[in-house]
Amino acid sequence: MNNNGTTQIKLKVVLIGDAAVGKTSLSVRFTEDKFGDNYRYTIGGSYCTRSLYVANKKIMFQIWDTAGTERFKSIVPFYLRDADVAIVAYDITERNTFENIKQWLRLLQESAPETIKCALVGNKSDLLEKRQVTTQEAHTFADEHGLYFLETSAKTGQNIQQLFMDIGSIFVEGPLKQNRNSSVITVTESSDPPEAGKCCR
Ligand code: GDP
Ligand code: MG
């Protein structure tokens with residue numbers, strides 16, 4: 001409970017994915033509504049918060065931004081061990097960052113609690129002409145792995161608030177079932193134990 005008697009839910013959200021996919025930009029866009037074109041090298045990890053009301057419940061997102069470079073990968077498990085949500089991000093214009101998602105999911109399987117909810121996010125959706133990963137392909141991958149999926153742009157802000165509203169809804173209202181539009185794909189969420197081979201739900 002907070003001072004006004006309303007329940008506040010705190011969610012620890014950890015951003016993971018290859019370097020330069022836009023993890024820091026996603027967190028800065030969401031918490032400060034800003035975007036800078038300069039590459040900001042993340043050292044280790046950083047932390048910021050923002051609260052949103054979802055279905056009349058206040059949710060405080062505690063967002064941990066991690067560094068995707070090999071040098072810092074070894075400390076990512078430290079952030080994951082008590083996480084509620086992992087946002088696994090790739091860059092829609094860099095195919096290898098999508099191919100590396102499997103490695104990030106493996107790290108989640110090894111280091112995150114079984115109860116973690118996982119969102120696959122294809123960032124830089126504003127760079128349509130440079131796209132190397134189709135929405136359909138990522139959607140299929142997300143379906144196969146039981147992940148929630150959304151494409152975002154930290155640059156334009158597209159779907160950033162939506163992403164966190166949807167994550168919040170999973171905790172407040174349970175499974176998300178409907179597709180809002182072609183680029184918003186919601187997949188599985190359930191209270192059942194994870195099926196074999198699935199990273200998180
Ligand atoms: P991180 O290493 O994953 O934290 O990536 P950064 O947030 O530092 O972003 C890497 C680069 O991609 C920077 O030059 C950003 O300005 C750029 N960037 C991040 N998000 C977007 C986006 O949505 N669209 C475009 N066009 N560029 C982006
Ligand atoms: Mg960063």
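Worth knowing before you read on, the calculation uses all heavy atoms, side chains too, and leaves out hydrogens, waters and symmetry mates. Just so you know, ligand 1 is whichever comes first in the structure, and atom 1 is the first atom listed for that ligand. All values derive from a computational prediction rather than experimental measurement.
- Ring-plane geometry between F61 and F30 is classed as perpendicular, the angle between the planes exceeding 60 degrees on a 0 to 90 degree scale with a lower cut at 30.
- Checked by distance only, ligand 1 and A154 come closer than 3.5 Å through their nitrogen or oxygen atoms.
- Of all the heavy atoms of T156, none lies under 4.0 Å from any atom of ligand 1, so neither backbone nor side chain is involved.
- Contact annotation: for A19 versus ligand 1, heavy atoms closer than 4.0 Å belong to the backbone alone.
- Here is the list of ligand 1 atoms found below 4.0 Å of a heavy atom in D126: 22 (C), 23 (O), 24 (N), 25 (C), 26 (N).
- Among the backbone and side-chain atoms of T66, none of the N, O or S atoms lies under 2.8 Å from the Mg ion (ligand 2).
- By the 3.5 Å distance cut-off applied to N or O atoms, A20 is counted among the residues near ligand 1.
- Judged by the shortest distance from any of its heavy atoms, S125 lies outside the 4.0 Å radius around the atoms of ligand 1.
- Every atom of ligand 1 with a heavy atom of S25 under 4.0 Å away is listed here by number and element: 6 (P), 7 (O), 9 (O), 15 (C), 19 (C), 20 (N).
- Ligand 1 has no nitrogen or oxygen under 3.5 angstrom from a nitrogen or oxygen of L127.
- A salt bridge is defined here as a Lys NZ or Arg NE, NH1 or NH2 lying under 4.0 Å from an Asp or Glu carboxylate O, and E94 with R131 fails to meet this definition.
- In the model, D126 has no side-chain atom that pairs as donor or acceptor with a side-chain atom of T156 under 3.5 Å.
- Taking the charged nitrogens against the carboxylate oxygens, D91 and K124 do have a contact shorter than 4.0 Å, which makes a salt bridge.
- Interface atoms of ligand 1 facing K23, defined by a heavy-atom separation under 4.0 Å, are 1 (P), 2 (O), 3 (O), 4 (O), 5 (O), 7 (O).
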